[in-house]
Amino acid sequence: MPAPLTVAVLPGDHIGPEITRAAVLALEAANETYGLNLRFEEHMVGHASLQAHGTTLTDNVYTAAVEAAGILLGPCDNGGYPAPKDGGINVPGKFRHDLDLYANLRPSRSHRNVPHARPGLDVLIVRENSEGFYPDRNMFEGYGEVMPVEGVAISMRKITAHASNRIARSAFEWARRRRSHVTVVTKKHIFRMTDGLFYNECAKVAAEYPDVRWNSSIVDAFNADIYMNPDRYDVVVMTNLFGDIISNLCSALAGGLGLGGGVNAGVSHAMANASHGSAPDIAGQDKANPISMVISGAMLLGWLGQKYGREDLLATEKAIERAIDRVLESPETRTMDVGGYASCSRSAAAIADAIRQKI
Ligand code: ATP
């Protein structure tokens with residue numbers, strides 16, 4: 001029996017608990033089927049925690065999550081939380097910042113039979129996660145936007161050689177595990193300093209990976225080309241905001257936002273987190289697509305497999321992907337957003353069954 005690994009399960013808000021339950025169901029099925037010795041510890045965060053404890057993230061839950069081997073976090077309604085002084089802590093933001101989860105990895109793969117999917121898409125978006133335009137992630141922490149005079153607002157974007165270099169390295173490492181190709185997406189001919197710096201660091205890293213082919217693309221042209229020629233791309237690395245936008249585009253090209261999984265990875269920690277939001281419009285109706293969260297959970301196992309050198313976890317990530325492919329084949333087991341008529345819980349049960357059957 002391998003050494004035990006604890007996964008902290010934090011269900012989040014709105015559809016968060018429904019799709020996180022689905023992910024745990026899948027991971028438990030994998031745990032039993034492949035003898036992984038995973039332990040799941042569920043803790044309350046978000047609105048539920050705010051109501052019960054006056055804060056969206058208590059110190060106890062924070063500590064338990066940081067001490068776990070990995071974190072499985074459902075989508076959170078950060079925009080709907082009160083100010084931090086009133087208990088509204090940005091839950092993913094707090095972990096991302098404190099644990100330096102600098103790489104946001106978001107895969108998109110089109111599946112046969114899923115309506116709207118662009119055939120041939122199989123990409124991994126590697127999104128820089130620690131700086132960029134985001135007001136909470138630049139040198140003026142919390143003050144990345146200013147209004148010097150009424151009617152004029154300025155947004156500031158921080159790009160460093162250090163963060164660009166390490167995200168580029170992450171992209172080239174991932175490319176080695178995939179189809180050995182990286183596309184660097186920028187708008188460097190306009191943002192010569194910021195995107196120029198990002199691009200130069202990517203080019204430096206590329207020189208250390210002669211076995212990985214790479215090219216550079218301007219973000220607007222890339223947007224059109226990923227639709228027209230999805231099969232040209234493998235790993236795509238970009239700065240934070242571009243990565244946020246383009247990963248949603250890629251989820252849609254794969255068939256829908258409900259397929260968008262992801263993991264926020266650092267050196268010592270990783271947090272699985274769907275790439276979409278908490279979807280309040282469909283919450284509590286058992287109709288959310290659970291696949292985004294199941295993919296995120298599978299990626300967390302893959303990350304743990306790399307970290308601890310555990311082949312069984314790496315193989316389980318692939319086994320879960322095969323189970324997802326199977327469930328997406330039939331409208332009876334797909335949810336509505338991807339052209340099926342299954343409920344969230346029905347689709348989740350079908351994924352867990354497929355894992356148990358070692359499909
Ligand atoms: P938030 O405020 O948390 O960002 P949002 O509704 O503004 O939430 P998303 O949660 O990303 O943004 O949702 C965008 C659209 O995609 C919504 O119509 C939502 O119902 C749909 N959607 C998001 N996730 C899923 C899912 N897992 N399954 C089905 N539909 C989804």
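The first residue of the sequence shown is numbered 1, and numbering continues consecutively from there. Order of appearance sets the numbers: ligands from 1, and atoms from 1 within every ligand.
If you look at Asp13 next to ligand 1, there are no close heavy atoms at all, none under 4.0 Å.
Taking a cutoff of 4.0 Å between a charged side-chain nitrogen and a carboxylate oxygen, Lys287 and Glu18 do not qualify as a salt bridge. With respect to Arg106 and Asp244, a salt bridge is recorded, a charged nitrogen being found less than 4.0 Å from a carboxylate O. Remark: Arg112 does not engage Asp325 in a salt bridge, criterion side-chain N to carboxylate O under 4.0 Å. Salt bridge absent: Arg334 and Glu329 never bring a charged side-chain N and a carboxylate O closer than 4.0 Å. Between Arg166 and Asp100 a salt bridge is recorded (basic side-chain N to carboxylate O distance below 4.0 Å). Taking a cutoff of 4.0 Å between a charged side-chain nitrogen and a carboxylate oxygen, Asp195 and Lys187 do not qualify as a salt bridge.
On a distance-only criterion, Ile19 and ligand 1 share no N/O pair closer than 3.5 Å. Checked by distance only, ligand 1 and Asp281 come closer than 3.5 Å through their nitrogen or oxygen atoms. The shortest N or O to N or O distance between Asn289 and ligand 1 is below 3.5 Å. Close N/O approach between Ala279 and ligand 1 is found [any backbone or side-chain N/O within under 3.5 Å].
Gly277 N, 2.8 Å is the protein heavy atom nearest to atom 11 (O) of ligand 1. Nearest protein heavy-atom neighbour of atom 30 (N) of ligand 1: Ile282 CD1, 3.5 Å. Protein heavy atom closest to atom 14 (C) of ligand 1, with residue, atom name and distance, is Leu257 CD1, 3.7 Å.
The atoms of ligand 1 that sit less than 4.0 Å from any heavy atom of Ser278 are 1 (P), 3 (O), 8 (O), 10 (O). Close contacts between ligand 1 and Ala288 involve ligand atoms 28 (N) [criterion: under 4.0 Å to a heavy atom].
For Pro280, the closest heavy-atom approach to ligand 1 falls below 4.0 Å.
Atom 7 (O) of ligand 1 is not flagged as protein-proximal [any protein heavy atom, distance under 4.0 Å].
The closest side-chain donor-acceptor pair between Ser345 and Asp286 falls under 3.5 angstrom. Side-chain N/O atoms of Ser251 and His276 include no donor and acceptor closer than 3.5 Å.
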